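Down below is the structure, laid out as structure tokens.
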There are 2 protein chains.
Amino acid sequence: MKRPTLKDVAKAASVSTAAVSYVLNGKHEKVSGETLERINNVIKSLNYVPDYSARSLVKNQSRLIGIVIPQTEKHAQLILENPWYSEIISGIEGKLRKYGYHLLLSGVNQGESYLDLLIQRNLDGAIIMGIYPEEFYEGLKKIKIPIVLIDSYINDSYFYRIGIDDEYGGYLATKYLIDRGHTNIGMITGAIRREGVVEKRFLGYKRAIRESNLFYNPDYVFEDSMSYDHGVAAGHRIASAFPEITAVFATADMIAFGLIKSFTDEGIRTPDDISVIGFDDVFMSRMFLPPLTTVRQDIKKKGVIAAERLLSLIGEAGDDDNGQSEDLRETILPLEIVERGTVIRRGNGQSLTETEHGRG
Amino acid sequence: MKRPTLKDVAKAASVSTAAVSYVLNGKHEKVSGETLERINNVIKSLNYVPDYSARSLVKNQSRLIGIVIPQTEKHAQLILENPWYSEIISGIEGKLRKYGYHLLLSGVNQGESYLDLLIQRNLDGAIIMGIYPEEFYEGLKKIKIPIVLIDSYINDSYFYRIGIDDEYGGYLATKYLIDRGHTNIGMITGAIRREGVVEKRFLGYKRAIRESNLFYNPDYVFEDSMSYDHGVAAGHRIASAFPEITAVFATADMIAFGLIKSFTDEGIRTPDDISVIGFDDVFMSRMFLPPLTTVRQDIKKKGVIAAERLLSLIGEAGDDDNGQSEDLRETILPLEIVERGTVIRRGNGQSLTETEHGRG
DNA sequence: TTGTACGCGTTATCAC
DNA sequence: GTGATAACGCGTACAA
């Protein structure tokens with residue numbers, strides 16, 4: 001026995017397909033109480049489940065939300081091994097499911113036709129993370145579905161954006177180190193791309209340094225990829241070539257983990273010999289040893305809010321909490337420093353002005 | 001201007017819809033070279049993208065693979081914050097995308113109609129992780145789509161299974177500790193459910209202990225949830241109530257992290273005072289400090305293989321490597337111990353028979 | 001309440 | 001050998 005269709009239900013209940021459809025869509029005013037019940041019984045006994053493809057075809061909505069994740073150059077796989085993505089997806093999925101939407105997860109091979117996915121599947125909306133070339137966004141606009149951008153600084157009122165104040169975050173982290181007596185502060189980061197989150201954090205870093213009349217030394221900026229491995233590599237370089245650095249700002253917690261690992265291997269203790277502050281507060285950060293001091297953003301909430309925004313755009317009123325419509329185009333989530341165990345006040349009261357250098 | 005349809009293309013190219021369809025589906029033998037080119041040009045210029053809903057309707061295949069993740073009781077959100085899931089999904093997604101399939105990600109609220117998802121969306125197949133009540137599997141069988149179960153011990157030849165030998169893994173871990181002189185070995189674990197992976201690991205633990213003529217003490221088994229928090233809680237209990245325990249086997253790396261954390265807080269050093277071995281080797285394990293000794297399973301590969309198996313069931317010949325059809329119903333991936341920094345030989349040569357106890 | 005045209009793409013049938 | 005016609009798959013919603 002194959003899957004029953006609406007037609008089968010209609011036949012079994014001796015009614016028209018229209019009647020069944022009405023019942024399915026809750027248009028009870030179109031159906032008498034008796035037939036309603038009869039149809040419902042048949043649906044149950046036949047185990048009928050409507051076909052979303054057919055529905056999507058006629059209603060032009062699929063109850064499907066796409067979520068697009070960038071690929072790094074290096075990995076063919078999804079970037080999901082970055083816990084940051086896992087957490088945010090977790091938030092998105094939970095919210096969407098509550099409203100009867102499903103989640104289509106897809107990475108994009110760069111240079112590929114990312115957009116076809118959104119069209120082919122008749123997606124009702126999409127959440128896009130990461131940063132892409134300009135044309136990508138131009139293409140997105142042509143498909144006219146609601147789109148929420150996460151962590152994008154694209155200045156285009158067409159899109160809805162959820163993000164944080166990355167510049168401020170970078171400032172916050174760096175200032176935090178400065179306030180604790182550090183003057184030679186390194187920054188370890190992924191690729192600094194124009195208008196990307198990393199660039200903003202970098203800007204914040206520089207602002208804090210300048211504002212405190214410290215010397216900005218470009219050599220202290222270690223730019224490569226947003227990865228643990230980069231953290232490891234940078235840590236070794238700092239250990240061997242920059243002994244004067246007493247604190248580092250890692251623009252992602254994953255990088256911080258790598259840093260601390262290589263410092264440890266080099267016999268440099270965190271935070272006793274060198275302080276480290278991260279960014280993100282992925283859930284592993286509190287589990288790390290020592291627990292990572294970091295700039296916290298509420299990642300899961302970011303996902304939830306992105307989903308809510310999308311739902312309300314689609315007309316599902318997904319906004320549970322606020323609902324006040326300020327400028328919905330852009331939502332900036334708060335940031336805060338979580339003080340844990342990887343930053344220490346330098347010099348411990350005694351001025352280091354004489355030597356000015358040296359972790360040793 | 002709205003989205004162009006196949007009909008639009010046909011009109012613009014002055015051909016029938018059939019011709020366009022042929023081109024789309026690579027049935028070039030049905031179309032002359034000239035029209036082929038013309039149609040292709042129109043497709044490009046119109047930016048035509050076929051609608052999968054319509055296609056799904058007629059072909060009864062959606063190029064959509066479902067992936068079902070269980071929810072724990074505690075979390076409303078996806079369990080994605082467990083890196084284990086992230087990694088395996090990463091593997092699955094990469095493989096599927098390569099073959100033009102998309103991934104539908106969904107958690108299941110327990111007791112809910114998980115199955116509707118699979119039917120509604122006309123999924124071509126599904127990958128199911130975790131363990132569910134019996135009825136669930138019965139329901140699955142009624143939908144007649146290929147299904148790959150990950151880490152399930154359901155004994156039903158209807159399903160295809162990918163897993164590891166959990167019993168052996170538990171044995172391996174415990175034996176490893178025993179071989180290093182430990183005799184009082186705790187086991188910290190998530191819920192031990194009948195025929196679940198955890199039960200198997202538990203069985204392995206007991207076998208190793210008995211085989212070595214050690215005393216199996218049920219008090220040494222701390223069962224709760226597969227979580228970091230449980231590790232923390234268990235660690236504190238061990239510290240305060242079971243000083244004689246010198247080594248613990250955590251049935252998941254996440255638990256191990258929690259254990260080590262609470263040990264550290266209690267002033268108990270790992271591995272100097274107590275040894276810890278984990279299970280899984282999630283990517284964080286090598287990053288942890290100290291790096292976690294653990295039973296490694298190749299998580300991402302598990303995902304890749306699950307995807308391959310599914311693809312080949314669907315008829316996409318997803319098996320890149322082997323292809324030899326042994327008993328494809330069940331694939332057991334290898335396990336190995338990764339020696340890192342959290343297990344130490346006990347007693348360091350000197351016999352402890354006198355005291356027999358004490359991490360002191 | 002029902003009949004039915006419609007949405008979009010596929011494919012079997014048939015014609016040139 | 002090419003390619004057009006039309007029925008079909010499933011559910012929706014308007015006209016009757």
Side-chain angles (χ1 to χ4, degrees), chain A residues 2-40 42-43 46-64 100 116 118-124 143, chain B residues 2-40 42-43 46-64 100 116 118-124 143:
Chain A
K2 55 196 294 292
R3 177 175 170 189
T5 72
L6 183 144
K7 220 171 282 181
D8 298 328
V9 175
K11 208 170 298 172
S14 319
V15 294
S16 73
T17 61
V20 179
S21 180
Y22 290 141
V23 172
L24 249 43
N25 293 292
K27 304 195 177 165
H28 293 179
E29 73 280 4
K30 311 270 268 174
V31 181
S32 79
E34 198 221 344
T35 36
L36 173 79
E37 195 178 347
R38 187 149 40 98
I39 291 173
N40 270 328
V42 174
I43 287 177
L46 253 53
N47 266 316
Y48 168 72
V49 179
D51 184 327
Y52 270 53
S53 300
R55 199 175 264 180
S56 162
L57 205 53
V58 47
K59 301 229 280 200
N60 229 3
Q61 59 127 291
S62 57
R63 296 212 148 251
L64 219 44
D116 287 2
L118 309 185
I119 308 177
Q120 286 169 333
R121 299 287 184 186
N122 252 310
L123 299 191
D124 291 347
I143 317 167
Chain B
K2 55 194 295 293
R3 178 175 167 189
T5 72
L6 182 143
K7 219 170 283 181
D8 297 329
V9 176
K11 207 169 299 171
S14 318
V15 294
S16 72
T17 60
V20 179
S21 182
Y22 293 144
V23 172
L24 248 44
N25 292 292
K27 305 195 176 166
H28 293 180
E29 72 278 6
K30 311 270 272 174
V31 181
S32 76
E34 197 221 346
T35 35
L36 173 81
E37 194 178 349
R38 186 147 41 96
I39 291 173
N40 270 329
V42 174
I43 287 178
L46 253 53
N47 265 318
Y48 168 72
V49 179
D51 184 327
Y52 270 52
S53 299
R55 200 175 261 182
S56 161
L57 206 52
V58 47
K59 301 229 278 200
N60 227 4
Q61 60 126 292
S62 57
R63 295 213 149 257
L64 218 45
D116 288 2
L118 308 186
I119 308 177
Q120 286 168 332
R121 298 290 183 185
N122 251 313
L123 299 191
D124 291 346
I143 319 166

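In what follows, chains carry the letters A, B, and so on, assigned in the order in which the sequence lines appear, proteins first and then strands, with residues in each chain numbered from 1. Keep in mind the model is a prediction, meaning the values are calculated, not measured.
- Considering every non-hydrogen atom in both B:Asn47 and B:Pro4, the closest pair reads O-CG, 4.2 Å.
- If you check residues 15-25 of chain A against DNA chain C, the residues with a heavy atom closer than 4.0 Å are A:Val15, A:Ser16, A:Thr17, A:Ala18, A:Ala19, A:Tyr22, listed by number.
- Mapping heavy-atom proximity under 4.0 Å, the span of DNA chain C touched by chain A runs 5' to 3' from C:dT1 to C:dC8.
- What you find for B:Thr5 and B:Tyr48 is that their closest heavy atoms are C-CE1, 3.4 Å.
- If you check residues 46-59 of chain A against DNA chain C, the residues with a heavy atom closer than 4.0 Å are A:Ala54, A:Leu57, listed by number.
- Closest non-hydrogen pair, B:Val31 versus B:Tyr22, comes out as CG2-CB, 3.7 Å.
- One N or O on the side chain of B:Asp124 and one on the backbone of B:Ser62 form a donor-acceptor pair closer than 3.5 Å.
- Counting non-hydrogen atoms of other residues, nucleotides and ligands closer than 6.0 Å to CD of A:Glu34 gives a total of 12 or fewer.
- Looking at every heavy atom in both residues, B:Arg3 comes nearest to B:Asp8 through O-OD2, 4.1 Å.
- Nucleotides of DNA chain D lying under 4.0 Å from heavy atoms of chain B occupy a range whose first and last members, 5' to 3', are D:dT2 to D:dC10.
- When the local axes at the two ends of the helix from C:dT1-D:dA16 to C:dC16-D:dG1 are compared, using 5 base pairs at each end, they differ in direction by 50° after rounding to 10°.
- Residues of residues 27-38 of chain A having a heavy atom closer than 4.0 Å to DNA chain C, listed by number: A:Lys30, A:Val31, A:Ser32, A:Thr35.
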